Amino acid sequence: MHLLQGRAGKNGKTPGQLKKEVMDPQYDPQRIEAKWQRHWEERQTFAVADGDGEKYYLLEMFPYPSGKIHMGHVRNYSIGDVVARYMRMKGYNVMHPMGWDAFGMPAENAAIERKTHPATWTRQNIDYMRRQLRRMGFSYDWNRELATCDPSYYRWEQLFFLKMYEKGLAYKKQSAVNWCEPCRTVLANEQVEDGRCWRCGTEVESRELSQWFFRITAYAEELLAGCDELAGWPERVTTMQRNWIGKSIGARIVFPVPGAEEPLTVFTTRQDTLWGATFMSLAPEHPRVAELVAGTGREAEVEEFVARQRKQRRGDRELGTLEKEGVFTGRYCINPVTGGRMPIYLANFVLLEYGTGAVMAVPAHDQRDFEFARQYDLPVIVVIQPPDRELDPATMTEAYAESGFLVNSGAFNGMDNRAALDAVAAHLAERGLGEKTVNYRLRDWGISRQRYWGAPIPIIYCERCGTVPVPEADLPVVLPEDIGVTGEGGSPLAQAPAFYETVCPACGGPARRETDTMDTFVESSWYYIRYACAGHDAAPFDPAAVSYWLPVDQYIGGIEHAILHLLYSRFFTRVLRDLGYVDFAEPFTRLLTQGMVIKDGAKMSKSKGNVVDPNAIIERYGADTARMFSLFAAPPELDLEWNDQGVEGASRFLNRLWRLAHEVFPALRDVEPYAGALADLPEDLRSLRRKIHQTISRVIADIEGRFHFNTAISAVMELVNELRPLAEALGDDPLARRVVREAFEAVLLLLSPIVPHITAELWQELGRETELAACPLPECDPDSLLTDTVTLVVQVNGRVRDRIEVAADADNAAIEAAAMASDKVGKFTAGKAVRKVVVVPGKLVNVVV
RNA sequence: GCGAGAGUGGCGGAAUUGGCAGACGCACUAGACUUAGGAUCUAGCGGUUCAUCCGUGGGGGUUCAAGUCCCCCCUCUCGCACCA
């Protein structure tokens, strides 16, 4: 009955095929996918309401509407959709929303290039990409859709800003910031990678600007401690966050500077080595440099050094490979415990941003200080001796950074240096020379952007009253859309008097609005809460909805946000908690970071020319094939190598399933799936039924336990492979028809989260009236997994030599006897003494000779 | 340099706890059906000197039994990288 002709998925172009189509319709993904997508939309199948049973909030990172979806989206959202559909089958009330991270620079750049408006460009992209996502059959509740560029969204963000301003969590300060010239804006520290802009890859420059910051450092300790609670996150993500926060415990120590009003303060984690501090190193940009060097006669040399360091490209400075270099300021400070005079140097390796920008140098016990001391011939004093040898400053070739006992350290001599850490800190504190301190690497989050397409910062500057927040009643500060974006002359808002000219809310006098907009990472720091409150316009959130839906149970997205978006969101959630909006701290209970989609060994990108357009795949093979391949080719956390032939394979499987269905459905329509006992079946059907229930159990374990859809799919393929010969030879036997029907229904149910369209169509063709998307997951009948006999492997000296069939409940003695009776075993044990027989019930027998 | 992860057929990948290495798929080979096949079906498919022996990056070890556990080494990927 293999009458079917024509090519899979090619829309039936073969001549003479028409006749066959009538009697045995060809798998036509375009037709059935359109049908079911329309069906789901009309019935609102995936719309959910609050409080309707046990909730499950599944979220994928929302896309930036750049124009069209790419394979990374297809993969990310296919993974999410399987989980959403699967959890629905498990009976959960699943919220699965989608929206748009719609502010951002590409819109502005595109507007400049194409002479259109960022808003127009963005909204067109959203419309197109929404159609593409619908075409993939993703089960979103579109009623909850949001776009962050809508005033109805960002008005709440402006409100949060005002509340944060009140609490001192948003503040403005003048500081050195990262400036990206092509992007013409400032970047947060998190957005600079290896000294380059995360978006365009250009090296960033340092500029002194007055900018708005969010005080994320106030939450450093809590964000760090929270990492321990994130059991559902990949460890490498929490590790990256811990490293980024960079907590270190040490001490602040004060070094008097004779002739200066203020002493110098350092942060060190090695206060135990204080007696060995022989000089002081400052960052070249340290604010006290000019004052310290004044009157020493070394001004010119120091100035030259500072200028050179400033020019030194930041990327190079951060590589850590530069030779140690510095300059003497001509001034000295005093070691507070030894009274020794320590020359003050500027050193190229000292970072202004970390600690206090000043480092006490202990050349004997710090490699950098050691190199610097050798370079400039500075004294080396050993204060820690290793247990097994004696260090001599004259002959040392590198610093000794390990542990040991203190020497040359006054009252602390002989103490273990690790024990001395707290003791020295206490000693300093008693004398007012310093104190134990915790230092973090994390800096505050700079959120000002000198760009147009973002949420305006709701602040007004008045000459008389200073910085004045926009009154809540005046929100939102709407981003004007009737503005020309040219890319010339700086931020468009700063060139739009209609926007920035205003009156002071405090005194009524003329005033000027802030023309910077907020970093778009602010919008994505709270969108997942807003999804739960779609349409709620009295307040940012509906407390009842938030307490029902939040936090997100499962979040899915790319590893590239391991720090950026995920750290900001954790911070923002805590801020919202402290402002009284939510009552939880961690937004995402479980996190899955999926790998990249690569082709020819590289990430898909226009510049590499290895991009596969999802549209082409959908047109040729359909959405089910695209979904199936992206789930089958690799487990989600690994990179996925795109392979056109692999796509063919996925398509082939669906075609095979379709044909098989049409061969056997006539014989299945009028029977019920088998639901009786295993024992009542003949052997071949018993084996099929066992396979059905093994498959159910495997698929559940693979999807639920670890999101390994690739092995879940291969389990179903195995079932189909076993089912096929029986189905093709199916006669009138009602028992056989019922078991085959049970098998076919299991296949459709188990595959439905993965390929929802073809399975829905076949389900209907099988005569089922209940919608497949609303069916519960099949249950594994444990009795059907039982067998009367089991096959055991028989090994001789660990090598497989035979297989034996024994009763499932045979005892070890019986198993051993059966194994020893094997001819093949006899061949390998002949003439040798059996030293030992290991029996592992249900698995194997190992005969040791 | 530090931290994490990985290394399995020609390829993507399987192997829940130490217990049959290579499931499933791709590619490939042969055959069937064909005017034809890039469709479909059947069979084969780690290597080998083929009733054997060797095989999970390399070397050692523990064990009746190791891809899995322990030690040393190599390679790759990712993250951090002068953090005092």
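None of the values given here were measured: they were computed from a predicted structure.
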(message) Give me the distance, rounded to whole Å, that separates A4(B) from A43(B) when you measure between the C1' atoms they each carry.
(response) 46 Å
(request) Give me the ring orientation class for F372(A) and F349(A): parallel if the planes are under 30° apart, tilted from 30 to 60°, perpendicular past 60°. (result) perpendicular
(request) Using the C1' atom as the reference point in each nucleotide, state the distance between A21(B) and U75(B) in Å, no decimals. (result) 23 Å
(message) By nearest atom, which of the nucleotides A27(B), C20(B), G19(B) is closest to the R652(A) side chain?
(response) A27(B)
(message) What's the gap between C20(B) and C80(B) when it is taken at their C1' atoms, as a whole Å value?
(response) 44 Å
(message) For the P atoms, the ones on U35(B) and on G46(B), what distance do you get once it is rounded to whole angstrom?
(response) 35 Å
(message) I'd like to check W275(A) versus N335(A) (side-chain heavy atoms, cut-off strictly below 4.5 Å). Are they in contact?
(response) no
(message) Counting the atoms with a prime plus P, OP1 and OP2 as sugar-phosphate, which does R236(A) contact under 4.0 Å by heavy atoms, base, sugar-phosphate, or nothing?
(response) sugar-phosphate
(message) Is R698(A) close enough to A23(B) that one of its side-chain N or O atoms is under 4.0 Å from OP1 or OP2 there?
(response) no
(message) Measuring only between side-chain heavy atoms, which start at C-beta, is T593(A) closer than 4.5 Å to W233(A)?
(response) no
(request) Check every strand shown and say whether R799(A) touches a base, only sugar-phosphate, or nothing at a heavy-atom separation below 4.0 Å. (result) sugar-phosphate
(request) Indicate, with a heavy-atom threshold strictly under 4.0 Å, whether R803(A) touches base, sugar-phosphate, or nothing. (result) base
(message) Between G37(B) and A32(B), how many Å separate the two C1' atoms, rounded to a whole number?
(response) 13 Å
(request) Examine the side chains of N439(A) and S248(A) and answer whether a donor and an acceptor come within less than 3.5 Å of each other. (result) no
(message) Looking only at side-chain N and O atoms, does Q375(A) offer a donor or acceptor that is under 3.5 Å from a partner on E371(A)?
(response) no
(request) Determine the contact category for E641(A): base if any of its heavy atoms lies under 4.0 Å from a base atom, sugar-phosphate if only primed atoms, P, OP1 or OP2 are that close, otherwise nothing. (result) nothing
(message) So R801(A), base contact, sugar-phosphate only, or nothing? Heavy-atom distance under 4.0 Å.
(response) sugar-phosphate
(message) Measuring from the side chain of N348(A) (C-beta onward, heavy atoms only), which nucleotide among C82(B), U42(B), G25(B) has the closest atom?
(response) C82(B)
(request) Give the stems involving RNA chain B, where a stem is 3 or more consecutive Watson-Crick or G-U wobble pairs (i with j, i+1 with j-1, and so on) under 3.5 Å. (result) B:1-7 with B:74-80, B:10-12 with B:24-26, B:28-32 with B:40-44, B:57-61 with B:69-73
(request) Look at E637(A) together with R236(A) and state whether they make a salt bridge at an N to O cut-off of under 4.0 Å. (result) no
(message) For a quick check of understanding: with a heavy-atom distance under 4.0 Å over all strands, which category does R252(A) fall into, base, sugar-phosphate or nothing?
(response) nothing
(request) Please work out if N721(A) contacts a base, only the sugar-phosphate, or nothing of the nucleic acid, heavy-atom cut-off 4.0 Å. (result) sugar-phosphate
(request) Could you check whether D639(A) gets within reach of a base, just the sugar-phosphate, or nothing at all, counting any heavy atom under 4.0 Å? (result) sugar-phosphate
(request) Determine the interatomic distance between C1' on G13(B) and the same-named atom on U62(B); round to the nearest Å. (result) 30 Å
(message) On the nucleotide A84(B), are OP1 or OP2 found under 4.0 Å from the side-chain N or O atoms that S281(A) carries?
(response) no
(request) Determine the interatomic distance between P on G22(B) and the same-named atom on A14(B); round to the nearest Å. (result) 15 Å
(message) Over all strands shown, is G355(A) touching base, sugar-phosphate only, or nothing at heavy-atom distances under 4.0 angstrom?
(response) nothing
